[in-house]
Amino acid sequence: MTKNNSKKSAQAGNISSNKTTVSTSSNLARIQKIVSAHGKLSLDDQITYMKHKGITFNHITEDAAKDYLSQNTYYYKVTAFRKNIAKVNGKYTSLDFGLLSDLATIDMYLRYALIKINLDIEHTLKALLVSVITKSNAEDGYTIVKEYDTYCKNKLLEEKPKFKEKNYIPVDKKIMSRNKEIDGYHYDLYTKRKNNPPIWVLIELMSFGELIRFVEFYYDSNKYNKKLFTPAFILLKYTKNLRDSAAHSRPLLLDVVLPKQITPTQNATQYAEKAGVEKLERRNLVSNKKIHDFICMLILHDEYIKSDAMKYDRKIELTNIIERCTKRSHYYKDQADLIRVYRVLSKILANYHQKC
């Protein structure tokens, strides 16, 4: 090849390379514009954007990632867990898609387990409330409904001073009206008890949020055997967000490494201390909202569930999840924060139902 031909060939190569660079840059600019507008990204765009943010595809190929995103989950669900990973100059330096997909799987198992734990707590508290109300000579099952309604109205007016009292719906009407449709599961209960329902009917139909408010009412009103509900009065409200996220399939294990989000309850701090969690870790991680709320849920389950067999089943499920966390431990070798969370949760779980 002559010198002129060599120069032409080199120039052609440079032009082609420049065109590719311009095309890639233009494509990225288009994707970033879509992201800024919270628009819809194609699977290819999702991969490109993740690579731009520093996410690698060493443990899972790009094609396998596309299959995973289209068949098993979706972009937000799996990338939400990136919030546990630190950035350097706006990009991740040690985050692989394999780690994100692994966290998504662990998160799924955790959600399923926590739903069961919360259902156990919810059922047991409802049964206990009905039991103590039935045993109390001061209760007829109907007067307490009026007292509870007054309590709820006063709380609402206290929290929302501008609320017009004429718009207030009594709690019995509110709870019963949700079951008035003929094709509803509790229509028969509605038709028989819609007028002047007793408290045991309302407790059966209460949402979890309404149950929390009723426990607070029962405790604040110094009702019969109120001390039985002291742990629930203090801790039950902290489990609601965790329970709702699990029930609605929202990611739990995001922002789980963030320290000092809240001032933790003394109950949770003491539980972690008993579990052998060091002082610095207690200060940093028991003050993480999700870790704190998880501890509260375990405390309540340990307190109110009387069946050792049920506690054993739940502990085995959670222990299996802890063990599952180590299945792909090589994904996490550079993730000191996540490793620290894993160790703390392992200790806390080991402290639950020690008869196992």
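One is the number of the first residue; the rest follow in order along the sequence. What you see is a predicted model, and the numbers here were worked out from it, not measured in a lab.
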Counting N and O atoms only, with roles assigned by atom type, does the side chain of [X] sit under 3.5 Å from a partner on the main chain of [Y], one being a donor and the other an acceptor?
X	Y	value
Tyr218	Phe229	no
Lys315	Tyr352	yes
Ser131	Ala127	no
Asn179	Ile175	yes
Gln261	Val256	no
Asn84	Asp255	yes
Ser70	Asp67	yes
Asp107	Leu252	yes
Lys311	Asp302	yes
Ser136	Ala138	yes

Hydrophobic clusters here meaning ILVMFWY residues chained together by side-chain heavy-atom distances under 4.5 Å, can you tell me if [X] and [Y] are in one?
X	Y	result
Met310	Ile121	no
Met50	Val88	no
Ile305	Met297	no
Leu258	Leu253	no

Report the residues that fulfil salt bridge (charged side-chain N to carboxylate O under 4.0 Å, His left out) with Lys192, sequence neighbours left out, ordered by chain and then residue number.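 Partners of Lys192 under the salt bridge (charged side-chain N to carboxylate O under 4.0 Å, His left out) test: Asp188.
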Under the salt bridge (charged side-chain N to carboxylate O under 4.0 Å, His left out) test, which residues partner Arg213, sequence neighbours left out? Glu159, Glu216
Please work out which of the three classes, parallel, tilted or perpendicular, describes the rings of His330 and His59, given edges at 30° and 60°. perpendicular
Quick one: do His353 and His301 satisfy ring-ring contact (aromatic ring centres under 6.0 Å, His included)? Show the steps, please. CA-CA 9 Å; His353 191 46; His301 199 270; 8.9 Å; no
Output, in order, the C-alpha distance, side-chain angles, deciding distance and verdict of ring-ring contact (aromatic ring centres under 6.0 Å, His included) for Phe217 and Phe214. CA-CA 5 Å; Phe217 151 76; Phe214 187 78; 5.4 Å; yes
Answer with yes or no after comparing the ring centroid distance for Phe163 and Tyr168 against a 6.0 Å cut-off, counting only values under it.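 No; Tyr168 has its ring centre 6.0 Å or more from that of Phe163.
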Give me the one residue out of Val132, Thr134, Ile199, Ile133 that meets side chain to side chain contact (heavy atoms under 4.5 Å, CB included) with Glu139.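 In the set Val132, Thr134, Ile199, Ile133, the residue that makes a side chain to side chain contact (heavy atoms under 4.5 Å, CB included) with Glu139 is Ile133.
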